[in-house]
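Have a look at the structure below before the remarks.
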Amino acid sequence: MSDQQLGFGEPGNIPPAVRLSAACWVGSAVVAGMMPVILEVAEIDFGQSIPGWAVPYLVAFAVPLTALQVLAARHLLHGARWARILLTVAAALTALGAPVDLTALILAGLVLTLAGATFMWLPPSNRFFLLRRAAPAFPVPAASGVDAALRKTAP
């Protein structure tokens with residue numbers, strides 16, 4: 001099913017800033033969300049090691065949060081204000097919780113996160129979200145002739 005059939009509007013109407021923001025968020029989910037988990041489970045040293053007892057907790061929290069981030073990035077493309085707010089909070093928490101000694105992997109994830117947050121608040125993105133807010137939630141079918149209910153009452 002295409003986006004049009006689901007009532008999300010035309011994909012060509014999404015500004016490049018919003019598309020780039022969503023791409024940064026998905027990239028951040030992979031780089032900062034899944035790669036550390038994969039490396040920890042495989043016991044590959046990437047500069048940020050956690051104790052062995054914490055690895056199951058890392059997996060239990062990282063996988064659902066990463067999935068939520070990707071889901072929010074997808075809804076960002078459709079103008080969902082909740083997704084923009086959720087991702088903004090995620091960016092703030094990521095920036096505040098970044099370790100002091102950054103590895104290349106963590107730095108790349110942080111840069112992608114902050115870029116995604118910046119792109120989704122640029123003026124073209126703001127216009128897109130304002131237009132989506134004013135649009136009806138469901139597509140209104142085009143009128144084609146007289147409605148059956150009106151025909152019964154017409155003389």
Side-chain angles (χ1 to χ4, degrees), residues 1-44 46-50 54-144:
M1 228 180 218
S2 72
D3 287 348
Q4 192 104 29
Q5 292 170 333
L6 292 173
F8 289 126
E10 295 181 27
N13 293 338
I14 301 170
V18 175
R19 288 180 185 273
L20 192 53
S21 175
C24 287
W25 280 109
V26 171
S28 167
V30 171
V31 171
M34 292 312 301
M35 285 303 295
V37 172
I38 293 168
L39 294 174
E40 279 294 335
V41 169
E43 297 179 358
I44 298 173
F46 65 101
Q48 292 286 332
S49 186
I50 63 170
V55 173
Y57 296 106
L58 175 69
V59 172
F61 283 105
V63 172
L65 290 177
T66 301
L68 180 62
Q69 183 173 330
V70 171
L71 178 70
R74 176 153 166 66
H75 282 281
L76 191 70
L77 292 171
H78 305 304
R81 291 183 309 144
W82 67 264
R84 190 161 74 151
I85 292 167
L86 179 85
L87 291 171
T88 301
V89 170
L93 292 174
T94 299
L96 292 173
V100 177
D101 54 337
L102 295 173
T103 63
L105 186 66
I106 292 174
L107 182 62
L110 184 61
V111 167
L112 284 169
T113 298
L114 296 178
T118 302
F119 285 125
M120 70 182 180
W121 287 100
L122 292 177
S125 300
N126 287 336
R127 280 192 297 278
F128 172 73
F129 284 98
L130 284 173
L131 288 174
R132 291 293 182 183
R133 183 178 184 185
F138 298 100
V140 179
S144 59

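Note: hydrogens, waters and symmetry copies are ignored here, and every other heavy atom, side chains too, is used. FYI, the numbering just counts along the sequence from 1.
Taking OG1 of Thr118 as the reference point, atom CG of Leu20 lies at 10.5 Å (rounded to 0.5 Å). Once rounded to the nearest 0.5 Å, the distance linking OG1 of Thr113 with CG of Leu93 reads 11.0 Å. Taking CD1 of Ile44 as the start and CG of Leu39 as the end, the distance is 5.5 Å to the nearest 0.5 Å. Atom CG of Leu112 and atom CG of Leu107 lie 9.5 Å apart (nearest 0.5 Å). A distance of 11.5 Å separates CD1 of Ile85 from CG of Leu76, quoted to the nearest 0.5 Å. With rounding to the nearest 0.5 Å, the separation of CG in Leu110 from CG in Leu105 is 11.5 Å.
Annotation: side chain of Met34 is in contact with side chain of Val63 (closest heavy-atom distance under 4.5 Å). Side-chain contact between Leu122 and Arg127 is absent, with no heavy atoms from C-beta onward closer than 4.5 Å. Within the 4.5 Å cutoff, no side-chain heavy atoms of His75 are placed close to those of Leu86.
Ala108 approaches Val31 most closely through the heavy-atom pair CB-CG1, 4.0 Å. In plain terms, the two heavy atoms of Val41 and Val59 that are nearest each other are CG2-CG2, 3.8 Å. Listed here is the closest heavy atom pair of Arg84 and Asn126: NH1-OD1, 2.7 Å. Considering every non-hydrogen atom in both Ser125 and Ala17, the closest pair reads OG-CB, 3.4 Å. The nearest pair of heavy atoms linking Ala115 to Cys24 is CB-SG, 4.0 Å. Leu77 and Arg19 get closest at one heavy-atom pair: CD2-CA, 3.9 Å.
Side-chain contact annotation: Trp121 with Ser21, donor-acceptor N/O pair under 3.5 Å absent.
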Requested in this report: For the pair Arg132 and Asn13, evaluate side-chain hydrogen bond (donor to acceptor under 3.5 Å, both in side chains) and give the outcome as yes or no after the intermediate values.
Outcome: CA-CA 11 Å; Arg132 291 293 182 183; Asn13 293 338; over 6 Å; no

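Judged by distance alone, the side chain of Gln69 and the main-chain N or O of Leu87 form no donor-acceptor pair under 3.5 Å.
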